[in-house]
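Here's the structure, in structure tokens; my notes come after.
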Amino acid sequence: MVLTHTDHGLYCAAGDFFIDPWQPVARAVISHAHGDHARAGSAAYLCATPGESILRLRMGPEAHIETAAYGQTLRLNGVAVSFHPAGHILGSAQVRVAHDGEVWVVSGDYKTEPDPTCAPFESVAADTFITEATFGLPIYRWQPSAAVFDQINAWWRANQTAGRTSVLFAYALGKAQRILAGVDAAIGPIYVHGAVHRLNAAYRAAGVPLPHWRYAGDAPPDQDWSQALVIAPASTQGTPWLRRFGDVSAAFASGWMRVRGQRRRRSVDRGFVLSDHADWPGLLAVIAATGAGRVLVTHGYTAVLARYLRENGREAYELNAPYSGESLDEAANEGAPEAH
Amino acid sequence: MRAFADLYFALDATTRTNDKVAAMRAYFDATPPADAAWAVYFLSGRRPKRLLSALLLRRWAAELAAIPEWLQEEAYHAVGDSAETAALLLPEAARAGERPLHAWVEEAILPLREKDEAGQRATVLDAWAELDDPQRYVFNKLITGGFRVGVSQRLLMRALAEAAALPEAAIAHRLMGAWEPTPEFYATLVHPDELRGEDAGRPYPFFLAYPLETDPATLGDVADWQVEWKWDGIRAQLIRRDGQTFLWSRGEELVTERYPEVVEAATALPDCVLDGELLAWDFDANRPRPFARLQQRIGRKNLGRKLLAETPVVLLLYDLLEWAGEDWRERPLTERRAQLEAIVNAAASPWLPLSAVIAAPAWADLVSLREESRARGVEGFMLKRRASPYRVGRRRGDWWKWKIDPFSIDAVLIYAQRGSGRRASLYTDYTFALWDGEGDDRHLTPFAKAYSGLTDAEMREVDRFVRNNTEDRFGPVRSVRPELVMELAFESIQASNRHKSGVAVRFPRILRWRHDKRPEEADTMATLRAMIPDL
């Protein structure tokens, strides 16, 4: 076994490193900077080069972070390790681990649709593929994001006509920047929450082109918000921070919005089905393309996807990460609680 | 049907009443009467009975999506709604049709009832082939009998009143009773002439009370209020016009044939419309029997002589809406009450008793009298402003229900099941148990299911607990470590041999999560049984 499942997370004994460990370890190889994959306290981190600035923002200035370019192979105690774009967020990577002629690929989180804020997903051949299954049910199928951005633009315009502020809840890291890059910035001014503001700056510093945005906290008290789009983390919903915007139409951008019950549970006016994870056809296509003889399924609908793969002739098992109630909410992707 | 599906999702997308009214108004302004009639039908909560099984619908969708049965079931558990699951599983539509709503309903949906399974399948698959996602959702909801819209009757009436430029009360009255969703009906509904209900059986909209949540002294002088017991039966309206009798339940269902003793007694009444409560009555004790007894009569169309003899029902009267062909609803309650007493006394029928007015010199007298509610088999008091008219729908200010506090007990959560609708995919439907037996034999006996009462955050917390503390699974149900204690409230209780616990409670719901109690400190079945009234 190149990788084993331990109570600290996935471990490579030959190379003596962990991948996305959930406890502090000596050496952590990180697929991407979301809170449920990158946890503080490890002695040394290794991530793909484009993800460094975000990981540092999350882990603090003292963290010891090494990087490798996509496709570059490092040797960790003789084990070949390389990062390959996962298309999830800026710097997100699949981790390829090769040892004794066996190749394992850990997908991290991934999506297959192109996204202007990160490198596009690249298929990597593997003997064993460890895949996520956040949206591992056939009800989850995404429209092309262009169609979703048309809906968001139309909602924003309609709110402007009605004199209402458009507040769009989205994960501060990744989704918020994808929305910023995807909406029609000519419609009106775009304001963001402080958490989004800091991450936008990191994205821009990493060379990701983003349209002009403003930090909501800098606006004067008598600001007219009615023409604006405000992008904020979902954790601000129902907090005093939102009061400044007056009469708002609230929306949430997430793959979960595909299901009406989830929209209603969020108590938002609109749900836009926009995910940074692969949909059901995306998961199946990626798994098939790896050519993997064995698939381990983690995060989300693991039992469902593993069983479906087995019934379709592939060796597949569940690999259970500790259950956090938030994982089904994608909210774990928010990382640390946001300051208001 | 596209316009109707768009309306559905516009109504679903906002909680602002003005936006909802505007969306309906815009729909009625732009829609031909044949479609508008059906829209009124569905928006007012009427719907065809289930035309085919939800499971069949999911199976057909799974077939088209080429996924196995178990995967379809998994999808259903995540969505919590069959109609929606089917819509989400289907591949994209082959062609976009533009059939109007009435054509869909009359040519495709209603005829499903007459078809065998193969015929139903063909119709449904044809429909799916020409409907897009939102329309499929609405179509699936309509054929499985699960169509619901987040608009109240009042909002619908407001929108119709705006569209027709008529007072809301006129629309409300025209919408009462039985009608067919035809273009002619819609034309009459929005007709500018304020014709009175030309139909002899047409009921008036009921006036409904709000719960009183403050000290009654805030209502002012007790002398301004008529106080009655709050009866635990079925609200009903008795219509006597042109020698005919009609009995309507509050659910706007014509129940004339279900209560022959009341209808028989009503022949002694002159033309009038009366408001009251259907109650199973104990003539020996001269008091109502528990609601559970009335339940034996609800829904029964074939009434055996034995049932009629053992469980007689009376209509206890408390208001007068029409007298000698004249609408009395605008007159003050005192005047209506005086005339009601005259009518009831003249009829002098044991099946048409009068709801007594309780004399109360001061609010304090009522506070102590209210304590007797349970012993009297009532739910507390109704407070009605003496000067008030009989209004339409649920309004604040003139009628209040001042109910007694519910029963409550601390119970242990032992089973959990995923919810539906907005609680889909979360474990939110719970079974609760109480301690039974002594010593080694001490065990938890399940006695009630409860679905509501927790906040969203608490629901998520329980959901996490359930997932991490599952002991066993039986299909969708998980048995969990008996650790969480919740205080449950319920309205009434009685012995039952249809329940394993031997006890049936009514309207159980969660009052609060007792974080301060360990499971062994929860209440016992003995405590619960002691609450059963001796009757």
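By convention in this document, chain letters (A, B, ...) are assigned in the order of the sequence lines, proteins followed by strands, and residues within each chain are numbered from 1. As the structure is a prediction and not an experimental result, all values here were calculated from the model. Just so you know, these numbers use all the heavy atoms, side chains as well, and skip hydrogens, waters and symmetry mates.
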**Asked** Mind checking which of residues 150-163 of chain A sit less than 4.5 Å from chain B, heavy atom to heavy atom?
**Response** none
**Message:** Which atoms of B:Ala65 are under 4.5 Å from chain A, going by heavy atoms: the side chain, the backbone, both sets, or neither?
**Reply:** neither
**Asked** Between A:Arg258 and B:Glu84, which heavy-atom pair has the shortest distance, and what is it?
**Response** O-OE2, 4.0 Å
**Item:** For A:Trp280 against B:Leu71, the heavy-atom pair lying closest together
**Value:** CZ2-CD2, 3.7 Å
**Message:** Restricting to ring pair (Phe, Tyr, Trp, His ring centres under 6.0 Å), what partner residues turn up for A:Phe245, sequence neighbours left out?
**Reply:** A:Trp225, A:Trp241
**Item:** Per-residue contact mode, B:Leu89 against chain A (heavy atom under 4.5 angstrom)
**Value:** both
**Request:** Sort A:Ile139 into side chain, backbone, both or neither according to what part of it lies under 4.5 angstrom from a heavy atom of chain B.
**Result:** both
**Fill in**
Turns out that what part of B:Phe465 lies under 4.5 Å from chain A's heavy atoms comes down to neither
**Asked** From B:Glu74 CD over to A:Arg307 CZ, what is the distance, rounded to the nearest 0.5 angstrom?
**Response** 7.5 Å
**Prompt:** If you measure from the Lys or Arg side-chain nitrogens to the Asp or Glu carboxylate oxygens, is any gap between A:Arg260 and B:Asp12 under 4.0 Å?
**Reply:** yes
**Item:** Pairing residues for B:Arg509 by the side chain to side chain contact (heavy atoms under 4.5 Å, CB included) criterion, not counting sequence neighbours
**Value:** B:Pro406, B:Ser452, B:Ala489, B:Glu491, B:Phe507
**Request:** Output the residues of residues 308-318 of chain A for which the shortest heavy-atom distance to chain B is under 4.5 Å, in residue-number order; output 'none' if no such residue exists.
**Result:** A:Tyr308, A:Glu311
**Item:** Residues B:Arg16, A:Asp247; criterion side chain to side chain contact (heavy atoms under 4.5 Å, CB included); working and verdict
**Value:** CA-CA 11 Å; B:Arg16 294 182 181 84; A:Asp247 190 12; 3.3 Å; yes
**Message:** Set out, in order, the CA-CA distance, both residues' side-chain angles and the distance that settles side chain to side chain contact (heavy atoms under 4.5 Å, CB included) for B:Glu92 and A:Arg141, then state yes or no.
**Reply:** CA-CA 11 Å; B:Glu92 269 180 42; A:Arg141 280 176 300 157; 5.6 Å; no
